[in-house]
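Presented below is the structure to which this report refers.
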Number of protein chains: 2
Amino acid sequence: MLSPTEENYLKSIFKIAEKENKAVSTNSIANLMSTTPASVTDMIQKLSQKKYLQYTKYKGVTLTQSGNKVAIKIIRKARLWEVFLVNKLRFAWHQIHNIADELEHVSSDELISRLDAFLDYPKFDPHGNPVPNADGKFTIRNQMALADIPLNQKVTVLGVKENLPDFLRYLTDINIRIGVEIMVLQQVPYDKSMRILIDNKTEQVISRSTSQLLSVKLT
Amino acid sequence: MLSPTEENYLKSIFKIAEKENKAVSTNSIANLMSTTPASVTDMIQKLSQKKYLQYTKYKGVTLTQSGNKVAIKIIRKARLWEVFLVNKLRFAWHQIHNIADELEHVSSDELISRLDAFLDYPKFDPHGNPVPNADGKFTIRNQMALADIPLNQKVTVLGVKENLPDFLRYLTDINIRIGVEIMVLQQVPYDKSMRILIDNKTEQVISRSTSQLLSVKLT
DNA sequence: AATAAAATTTAGATTATATTAAATATATAT
DNA sequence: ATATATATTTAATATAATCTAAATTTTATT
């Protein structure tokens, strides 16, 4: 059995490895987890010993198959709980992160498979991220960043690439949520901010960083 | 913030204090929690320092108001989650104990109040134990042990006083669950076992210890 | 009331996680 | 290629929770 701490390390390493395509560095883990590099070194040595990851001193780590499996299961649990919190308990999407971070470590497999059924086998969580199925497979779909969409193209919001509460609250404030239709009206070359039309109703200027964090599909 | 371990100590002390009417001894805590008296001493000294309980060396502990509040909140959380597991996820009553023991330590107050509403403010858990409300009040009702019911009196099962999986599975096997009607047909003076009629259908002999653990009300 | 038995506490270790500071290895820039 | 900056590891500590064994206190028994 793994401790919640060990599970969190594996989850974080998985998430970093997802983006970068190389061994995961001690520092990147320490940054993501808000801890010190020394603590990370201790823990990755332990997890390496237990065969959850492949570690070469000074060269970072990669997950083994067994480490990958654990990480994906934690992500599955977290995302299913997020669906529960939003769809059943009516939480807003910016309220659920910390709660799901605790719930994801509850250990019963039976619980997760029943929860999955209760929620009707959701394919995506409330932020638009895929829920891995019981075999660890993620649903893939075509999606682009709003930042890369040309003028006058209508798109539908699929999700967000970051789930910090402040960011999510901001999106809610300007009426952006999953499923909303957006059209890019103007691109400002200077800072790459955009003026967009939301739901055929409201015009809004959003920053480059916001448009990069919004996943959309062509309508 | 209290650790899950500290919360478990307070919960266990509360449960012992509920039955006995005196200071709770080190040994009784160690027994209930399957740990050593030495560990208990360490922990109660710590919890006493933090003012969750009143401790006199060699004389046992009693919960302070603040300790009581924590304990009741944990019990509230555990029992609400048990209702969720049975009513929503369709677990059997013997499967839920360990899962609820983990879920009860998830810390969000908002989560509990929303879960309570989602479940329609249940007054009792799947074992017939009262769910304390948000103010910490338990619903009281008249109930007796089946052991004390006279011959030929019809009663309805309200709950069980112990929730060990084997006991609960046994009850399920002989068709005893909350709400069923029971009538005592015979009392065996020798060992105080009883022959009972379950649901006007099945006759069954049950031991003294079983009849003492079944809570019923007159029909 | 003295003694034996039982309960409780203390002392000394252990394991898990984390920290800071120092030492060492790697990467970068001239 | 060397110096400097950055990243990483190691060493030395700290805290939380636990344990066993020894010491002490309380309770029960005669």
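Convention: sequence-line order gives letters A, B, ...; per-chain numbering from 1. Computed from heavy atoms alone, side chains included, the values below leave out hydrogens, waters and symmetry copies.
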Item to complete: Report yes if at least one side-chain N or O of A/Lys57 is closer than 4.0 Å to OP1 or OP2 of D/dT10; otherwise report no.
Response: yes
Fill in: Minimal non-hydrogen separation, B/Lys88 against B/Phe118, with atom names
CE-CE2, 3.7 Å
Worksheet item: Can you name the closest pair of heavy atoms from A/Leu168 and A/Glu162 and give their distance?
Response: CD2-O, 4.1 Å
Worksheet item: Where along residues 4-15 of chain A does a heavy atom fall under 4.0 Å from DNA chain D?
Response: none
Discussion item. If you compare every side-chain N and O of B/Tyr55 against the phosphate oxygens of C/dT9 (OP1, OP2), does one of them come in below 4.0 Å?
Written reply: yes
Worksheet entry | Approximate separation, where rounding is to 0.5 Å, of A/Leu213 CG and A/Ile206 CD1 | 10.0 Å
Worksheet entry | Shortest non-hydrogen contact from A/Arg79 toward A/Phe138 | NH1-CE2, 3.9 Å
Donor-acceptor contacts, no H, no angles, side chain residues 47-57 of chain B, under 3.5 Å, sequence neighbours left out:
residue: B/Lys50; atom: NZ; partner: B/Glu6; partner atom: OE2; Å: 2.7

Worksheet item: So, for B/Glu104 and B/Asn8, which heavy atoms are closest and what is the spacing to 0.1 Å?
Response: OE2-OD1, 3.3 Å
Worksheet item: Quick one: which of D/dT8, C/dT26, D/dT26 gets closest to the side chain of A/Thr41?
Response: D/dT8
Worksheet item: Is the closest side-chain heavy-atom distance between B/Glu102 and B/Ile99 below 4.5 Å?
Response: no
Discussion item. So if I take residues 18-40 of chain A and measure heavy-atom distances to DNA chain C, which residues fall below 4.0 Å?
Written reply: A/Thr35, A/Thr36, A/Ala38, A/Ser39
